[in-house]
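For reference, the structure discussed in these notes is given below.
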Amino acid sequence: MNTTSTVQDWIAIHPQDDVIITLREYTKGETIVLPDDVSFALLDDVPKGHKIAVHHIEAGEDVMKYGFSIGVAKEQIAQGSWIHSHNLKTGLHGLLDYEYNPGLASKTEMPPEHLRSFDGYLRPNGEAGIRNEIWIVNTVGCINKVCEALARMGQSQFGNRVDGVFHFPHPFGCSQLGDDLKYTQQLLASLVEHPNAGGVLVIGLGCENNQVDQFRECIAPEYQGKVRFLKAQETDDELEEGLRLMEELVEGAEQEKRQPLPLSKLKIGLKCGGSDGLSGITANPLVGSVADMLVAAGGTAILTEVPEMFGAETILMNRAANEQVFEDLVDLVNGFKQYFVNHGQNIYENPSPGNKAGGITTLEEKSLGCTQKGGRSEVVDVLRYGKRVTKTGLNIVEAPGNDLVSVTALSAAGAHIVLFTTGRGTPFGGPVPTVKIATQSELANRKKHWIDFNAGQLLEGQTMDDVKIQLFSQLIDIASGRSQTLSEQHGFREIAIFKDGVIL
């Protein structure tokens, strides 16, 4: 085969890059014509979303993408070659020392006037909720099924009076001691305090380490009014008593109504999962632009997946609001690296098999795409695992890359909605509305029951300015209760707790 490719079939990201990214599958022998009229024939078959060398690269040289190194050539790479795991390796190694070089943060634009408010629930403590739900939180995994039954019964009896009754099962709370128990309690307490829950029923068994009375002390006093507590072993009929307490919570939640609120009350979480070679080109930059608009309007964006910052961490560090935030971020990154060392793992053994199939070769390539979800705003704070945001602006929260663990941590930190980008797709939903954003139209069209928004439009003639307004408008509709995410509609809600606890 000897056909000529058009520029619409591939994309170049940065003038200094050594690679172009394919937007379709390529066959060996096809001709690539670059904008400067340089042309060459492909030496390999190349899958969609993967990299092609645009000139000769010597062994040991850095390979550039996004204007940064994504690794080192293992061998000589000829012009027209497919670049992937067979000829590219990470250039990252060991723990690093960092120097604070502030000034990379940029001022960002406000959203349009008609998108500068949303209709939410103003809670008594001044926080906003975008849902008025009843949540059931169990202190121990032994009573997951009791709580599950109560959630079904509560939804049947009270579902038309609130935005739903939900339970989030987990296996912990028994045989946990010390810091391990403490961090489980912190995470669960932060969920109890979440303003999307108009009322929370906390249920314990009675003999677990995570005792109800002890757990009660983890919940801040200003939230205690929306919480009821139940010890199953001390109640003749825990289902009957649970419904009675739930009715009290419903009666309280019914007193609150939606009202117009400023964007300064809104918090979004930023997450990617099942990333591919287009994640850093379409969905992640799109989400970063939306996060920047929200921050410019006084709102809050929360970024996590700390191990997937490795290789791009200095971009975030040099956007730190001050030296203390910089030092906290250094501790967070090096703490996670030490965590890998302590467990006998290679710090930079990433990406996942699915990432590699989608075109991502090295951790620094993945990280340079991943961190684009954080936009260009200043980093105002760094949070421990399970802690809640206290500052408006871009925050970074401690959590690993695991999708369920990260989305749970973002929710516990206070995110009302999580924007979740994906190149391969996933059906799950966290405890808060989880918006699935596809990197490409093929996924969006094939998995319409999973995908809420298609960032692949950016490869099909739509501008970033137009598409980010589309997504921001959808975000406001979800926050205002005018629409639901697909995971909400399907009842897909889960949490996962980081068992090893905190890293810092």
Side-chain angles (χ1 to χ4, degrees), residues 135 137-138 141 144 166-173 176 179-194 196 210 267-275 301-310 332-333 335-340 342-343 345 347 349-355 363 366-367 370-371 373-374 382-389 395-422 424-436 487 492-504:
W135 289 3
V137 174
N138 47 299
N144 278 335
F166 302 99
H167 166 237
F168 308 116
H170 67 86
F172 303 127
Q176 287 186 279
D179 286 347
D180 186 35
L181 175 59
K182 174 184 173 182
Y183 298 127
T184 294
Q185 290 174 326
Q186 176 65 64
L187 190 283
L188 293 176
S190 290
L191 287 176
V192 168
E193 295 170 359
H194 199 288
N196 281 6
N210 188 19
K267 301 178 180 71
I268 60 171
L270 313 170
K271 175 73 179 83
C272 57
S275 299
I302 312 169
L303 183 67
T304 188
E305 302 177 279
V306 177
E308 295 178 21
M309 298 174 186
F310 298 169
L332 179 64
V333 169
F336 248 108
K337 289 180 179 180
Q338 189 61 49
Y339 168 76
F340 280 83
N342 292 345
H343 286 74
Q345 299 299 308
I347 295 174
E349 189 59 44
N350 206 325
S352 70
N355 296 149
L363 179 54
K366 184 175 180 178
S367 297
C370 175
T371 54
K373 299 190 306 296
V382 177
L383 304 176
R384 301 283 295 267
Y385 176 73
K387 291 291 188 179
R388 304 188 72 232
V389 164
N395 289 251
I396 295 178
V397 64
E398 178 186 35
N402 178 286
D403 291 351
L404 271 70
V405 172
S406 288
V407 170
T408 303
L410 289 169
S411 303
H416 297 103
I417 299 172
V418 173
L419 302 184
F420 189 108
T421 67
T422 181
R424 301 181 67 81
T426 180
F428 97 98
V432 302
T434 308
V435 183
K436 304 295 173 44
S487 57
F492 295 167
R493 292 182 177 236
E494 301 175 65
I495 67 168
I497 300 173
F498 190 27
K499 184 65 168 65
D500 265 308
V502 79
I503 303 302
L504 284 177

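Please read all numbers here as calculations on a predicted model, not as lab measurements.
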| Nearest heavy-atom neighbours spanning Leu191 and Trp135 | O-CZ3, 3.3 Å
| Are Lys499 and Tyr183 in a cation-pi setup, meaning NZ or CZ lies under 6.0 angstrom from the ring centre and within 45 degrees of the ring axis? | no
| query | Arg424: what forms a salt bridge (charged side-chain N to carboxylate O under 4.0 Å, His left out) with it, not counting sequence neighbours? | reply | none
| Can you pull the side-chain hydrogen bond (donor to acceptor under 3.5 Å, both in side chains) pairs that have at least one residue in residues 399-411, sequence neighbours excluded? | Lys271-Asp403
| task | Report yes or no: does His170 contribute a side-chain atom to a donor-acceptor pair with the main-chain N or O of Val137 at less than 3.5 Å? | result | no
| request: Return the set of residues passing side chain to side chain contact (heavy atoms under 4.5 Å, CB included) with Gln186 (not counting sequence neighbours), or none when no residue passes. | output: Ser190, Lys387
| remark: In terms of heavy-atom contacts, Gly414 and Lys267 come closest through O-CD, 3.4 Å
| Non-neighbouring partners of Pro171 that pass side chain to side chain contact (heavy atoms under 4.5 Å, CB included), sequence neighbours left out | none
| request: Taking all heavy atoms of Phe310 and all of Ser367, pick out the closest pair and write down the distance. | output: O-OG, 2.6 Å
| query | With Phe172, which residues qualify under ring pair (Phe, Tyr, Trp, His ring centres under 6.0 Å), at least two apart? | reply | none
| message | Using 30° and 60° as the class boundaries, would you call the ring planes of Phe168 and Phe166 parallel, tilted or perpendicular? | response | parallel
| message | Going by side chain to side chain donor-acceptor pair (under 3.5 Å), name the residues that satisfy it together with Glu193, two or more places apart in sequence or in a different chain. | response | none
